[in-house]
Amino acid sequence: MARNKQRDRAAAAVPVVETVDGGLAELIPDRERPRGWTLLIDGAPQSHVDLDDPARLTFEYQRRLGHIADLAAPPNRPLQAVHLGGGAFTLARYVAATRPRSTQQIVELDAPLVQLVRRELPLDAGARIRVRSTDARAGLVKVQDGWADLVIADVFSGARTPAHLTSTEFLAEVRRVLRPGGFYAANLADGPPLTHLRGQIATAAAVFPELALAADPTVLRGRRFGNAVLLASDRELPVAELTRRVATDPHPGRVEHGRALADFAGGAVPVTDANAKPSPVPPASAFR
C-alpha cells in the first residue's frame, strides 16, 4: 500500500523544462521514486537525483565516481572536495550524505542551470556546499594549494568535454589543488576508435604516477560509445577494492591499471593546451 502511494505521488509530478545557457534543460520525475528526478540537457541525460536518498546513485558512471569518493579516505571521515561541473549536484549530495561535515565546492559555468537546480532540487540546508557559477578551470585556479582530498571533473558542454579541460596544464592545476594522497576522478566519454580516451590516459600519466580506469568492457573494447571513469593520484590506488565494487555494480564494469592500462593507451601522447580538442560528439544512438 505504501509503495503504491509513493508511485501515485511520483506520477503526479510533472516535468520542469527551462532554457539554460547549455540548451534546453529538463527535469523528468522518476515514476518509481516520489522525489527522484533525472536532468537532461538537449535530450542528453546528465544526472539523476533522489532527494529522499541522496546516497542512491543510479547512473553507471556516477556509481563509479561514488566508489572513488568512498575510497578517498577512511569511512565517515569528512572530505574536502571540488566538483568541476555541477549538473544536479548529485555527487556533492552523495558525499554530504555519506560523509557528514564534508566541505565541498561546486564549479558550474551555467548560472541559469544552477538557479534551476537550486530552486527545484534544493540542497540540504546543513550541507557545507558552496556553488560558484564560473568556468571550471577558472574556478579551480581560485582553490588554494593542497586544499582538496578529492577533485571530480564531470564537465560537458553540448555533450562534449571542453578542450581546455583535457590538457596537461589543466591536470597540473588539479594536482596543485590536491593534498598529498588526494584523488582526481574524471568522467570521460568516447567511442571507437577511443582516440580521446587513450589521449586522456597519456595526459594523466604525464602528471600523476598512479592511474586506474573503470568502464564497461564493451566500451573498453571499442564496441560502443560510453563513459569511462579515470582515477589518478600520487599514491598507490586501492585497485583491488575498486575492482570488486565495479565488478558487482548492477551494470558490471572492468578496472584497468598498471601495464594493462599503459598497453591500452597504446602509445598515445599527452594533450597540451596547444593541441587540445573537445571530446568527440556522441552518436545519436548513445542516448536511446
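When reading the values below, keep in mind they use all heavy atoms of this one structure, side chains included, and skip hydrogens, waters and symmetry mates.
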Practice task
Would you confirm whether S233, through its side chain, and G182, through its main-chain N or O, come within 3.5 Å as a donor-acceptor pair?
Solution key: yes
Handout entry: Close side-chain approach of Y184 to L178, heavy-atom, < 4.5 Å
Key = yes
Practice task
Tell me whether V143 is reachable from V174 by hopping between hydrophobic residues (I, L, V, M, F, W, Y) whose side-chain heavy atoms are closer than 4.5 Å.
Solution key: yes
Problem - Backbone N/O of Q80 and side chain of D149: donor-acceptor pair under 3.5 Å - result: yes
Practice task
May I have the step-by-step check of side chain to side chain contact (heavy atoms under 4.5 Å, CB included) for I41 and D110, ending in yes or no?
Solution key: CA-CA 11 Å; I41 303 291; D110 196 328; 5.8 Å; no
Handout entry: CA sep, side-chain torsions, deciding dist, call: S167, R137, side chain to side chain contact (heavy atoms under 4.5 Å, CB included)
Key = CA-CA 11 Å; S167 67; R137 190 157 162 181; 3.6 Å; yes
Practice task
Indicate yes or no: does E241 engage R244 in a salt bridge with an N to O separation below 4.0 Å.
Solution key: yes
Practice task
For the pair R33 and D52, find out whether any cationic side-chain nitrogen is under 4.0 Å from an anionic carboxylate oxygen.
Solution key: no
Practice task
Start with the C-alpha distance between Q115 and E18, add both sets of side-chain angles, then the distance that settles side chain to side chain contact (heavy atoms under 4.5 Å, CB included), and finish with yes or no.
Solution key: CA-CA 11 Å; Q115 293 169 7; E18 287 189 15; over 6 Å; no
Exercise for the section: Please report the C-alpha distance between D154 and Y61 in whole Å, then the side-chain angles of each, then the deciding distance to 0.1 Å, and finally whether the side chain to side chain contact (heavy atoms under 4.5 Å, CB included) criterion is met. Expected result: CA-CA 10 Å; D154 185 14; Y61 84 88; 3.0 Å; yes
Fill in the blank from the handout: Note: I201 and A265 closest approach over all heavy atoms is CG2-CB, 3.9 Å
Problem - Q46 (side chain) donor-acceptor with L39 (main chain) under 3.5 angstrom - result: no
Practice task
Would you confirm whether R35, through its side chain, and D50, through its main-chain N or O, come within 3.5 Å as a donor-acceptor pair?
Solution key: no
Handout entry: Qualifying salt bridge (Lys or Arg N to Asp or Glu O under 4.0 Å) pairs with a residue from residues 226-236, counting only residues at least two apart or across chains
Key = none
Exercise for the section: Could you tell me whether R245 and D249 have a side-chain N and a carboxylate O separated by less than 4.0 Å? Expected result: no
Handout entry: V271 backbone acceptor or donor facing T203 side chain under 3.5 Å
Key = yes
Exercise for the section: Check for a donor-acceptor pair, side chain of R64 on one end and backbone N or O of A214 on the other, with a separation under 3.5 Å. Expected result: no
Practice task
Indicate whether any N or O donor in one side chain lies under 3.5 Å from an N or O acceptor in the other, for Q62 and H48.
Solution key: no
Handout entry: Among R130, H83, R128, R99, side-chain hydrogen bond (donor to acceptor under 3.5 Å, both in side chains) partner for Q104
Key = H83
Handout entry: Considering all heavy atoms, the nearest T90-S47 contact
Key = OG1-CB, 3.4 Å
